[in-house]
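Report on the structure given below.
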There are 2 protein chains.
Amino acid sequence: MSLVTITQAAQVSGVSAKMIRYYESIGLIAAPARGENRYRHYDETALHELAFIRRARDLGFGFEDIRQLLGLWRDRQRSSAEVKAIALRHVAALEQKAAALTAMSQTLKHLAERCHGDERPDCPILEALDQPGPPAHAW
Amino acid sequence: MSLVTITQAAQVSGVSAKMIRYYESIGLIAAPARGENRYRHYDETALHELAFIRRARDLGFGFEDIRQLLGLWRDRQRSSAEVKAIALRHVAALEQKAAALTAMSQTLKHLAERCHGDERPDCPILEALDQPGPPAHAW
DNA sequence: GCTTGACCTTCCCATGATGGGAACCCCACA
DNA sequence: TGTGGGGTTCCCATCATGGGAAGGTCAAGC
């Protein structure tokens with residue numbers, strides 16, 4: 001069981017040292033053992049958890065979800081139903097955000113297409129911002 | 001020229017009073033005239049600008065973009081090319097963010113489909129978080 | 001005139017996730 | 001023994017927004 005410093009833990013887990021300390025401060029991970037010099041050192045399990053968190057973050061999970069996923073991950077007796085529920089809830093949230101962004105970009109794209117983009121001041125984009133025009137999906 | 005208080009300005013513009021003060025503090029809008037009681041009062045032009053900002057925010061523009069758009073909007077001699085450039089840059093940013101979210105939700109959706117979601121502990125979702133699996137687009 | 005309630009003011013704090021940097025301590029190596 | 005590269009804590013910044021406290025002000029009803 002090799003013990004590593006925070007910078008080494010950061011390198012192997014892909015989580016910055018800054019974030020590792022932060023995760024500890026909000027109780028997402030347990031406080032690791034300290035040396036006599038008060039340096040943190042991390043064991044295999046801790047490194048594993050950090051990598052887990054890293055991948056969950058890459059999938060856009062927030063800390064509350066990650067907290068629950070970590071709990072389920074540690075529990076060998078867990079039911080996969082809970083994991084699936086968290087994942088599907090998150091999928092719905094991601095899809096909603098993506099749809100909102102897409103709607104914005106579509107609206108703006110259509111406006112930009114109708115904008116000459118030359119020396120003339122006329123511009124449907126500014127006109128749309130100017131007047132309380134119809135909702136976005138009307139374009 | 002009717003002058004209104006901040007709460008009335010909030011109601012007609014759709015921007016909260018809190019945000020109106022904030023926009024003023026960061027110099028996004030000019031400081032309005034004050035009454036003897038130091039109450040802010042807003043004229044037609046100010047209300048118009050607030051509504052403009054509101055709609056720009058609805059399209060996802062950040063404050064720096066809005067600052068520039070407001071400048072172009074006030075300038076009757078502006079060229080539409082600058083407006084279009086800002087808009088298209090923003091469209092690209094929105095599309096990129098939307099694509100990132102969609103990629104996450106796709107990955108997670110596929111994993112969830114392969115998860116029984118019953119009493120059994122086996123779960124591809126946790127397995128994916130557990131091991132440094134292939135990148136998301138491999139699913 | 002006085003109370004009451006609704007409004008205004010400024011100031012501080014919080015979010016979520018992350019980075020930057022200061023000030024200070026510690027260790028290994030030449 | 002100096003130097004460089006760790007480690008530690010603490011504060012501040014982001015982006016846009018909301019909550020709330022403490023205190024001043026106004027208008028309406030009695």
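Any value given below was found using the heavy atoms of this structure, including those in side chains, with hydrogens, waters and symmetry copies removed. Just so it is clear, the model here is predicted, and its values are computed rather than measured. Residue numbers begin at 1 in each chain, while the letters A, B, ... track the order of the sequences.
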message: Need one value for B:Arg40: base, sugar-phosphate or nothing, where a base atom within 4.0 Å counts as base even if backbone is also close, heavy atoms only.
response: sugar-phosphate
message: Which residue is it: A:Ile29, A:Ile20, A:Asp58? I am looking for the one with a side chain to side chain contact (heavy atoms under 4.5 Å, CB included) to A:Ile53.
response: A:Ile29
task: Indicate if A:Trp73 and A:Leu47 have the same hydrophobic cluster label, given that clusters are the connected sets of ILVMFWY residues with side-chain heavy-atom separations under 4.5 angstrom.
output: yes
Using whole Å, what does the distance between atom [atom2] of nucleotide [N] and atom [atom1] of [X] come to?
X: B:Ile6; N: C:dT10; atom1: CD1; atom2: P; value: 9 Å
X: B:Gln8; N: D:dA27; atom1: CD; atom2: C1'; value: 13 Å
X: A:His41; N: D:dG6; atom1: NE2; atom2: C1'; value: 14 Å

task: Kindly state which residues belonging to residues 29-39 of chain B come within less than 4.0 angstrom of DNA chain C, counting heavy atoms of the residue only, listed by number.
output: B:Arg34, B:Arg38, B:Tyr39
- request: Indicate yes or no: does B:Arg120 engage B:Asp118 in a salt bridge with an N to O separation below 4.0 Å.
  value: yes
- request: Flag the pair A:Arg21 and A:Glu24 as a salt bridge only when some basic side-chain nitrogen lies within less than 4.0 angstrom of an acidic carboxylate oxygen.
  value: no
Sugar-phosphate or base contact per nucleotide [nucleotides 12-18 of chain D; S, B, -; heavy atom under 4.0 Å]: ----SBS
Do side-chain atoms of [X] reach the backbone of [Y] as a donor and acceptor pair under 3.5 angstrom?
X: B:His41; Y: B:Gly35; answer: yes
X: A:Gln8; Y: A:Thr5; answer: yes
X: B:His90; Y: A:Leu108; answer: no

- request: For B:Leu129 and A:Arg55, work out which heavy atoms get closest and say how close.
  value: O-NE, 2.7 Å
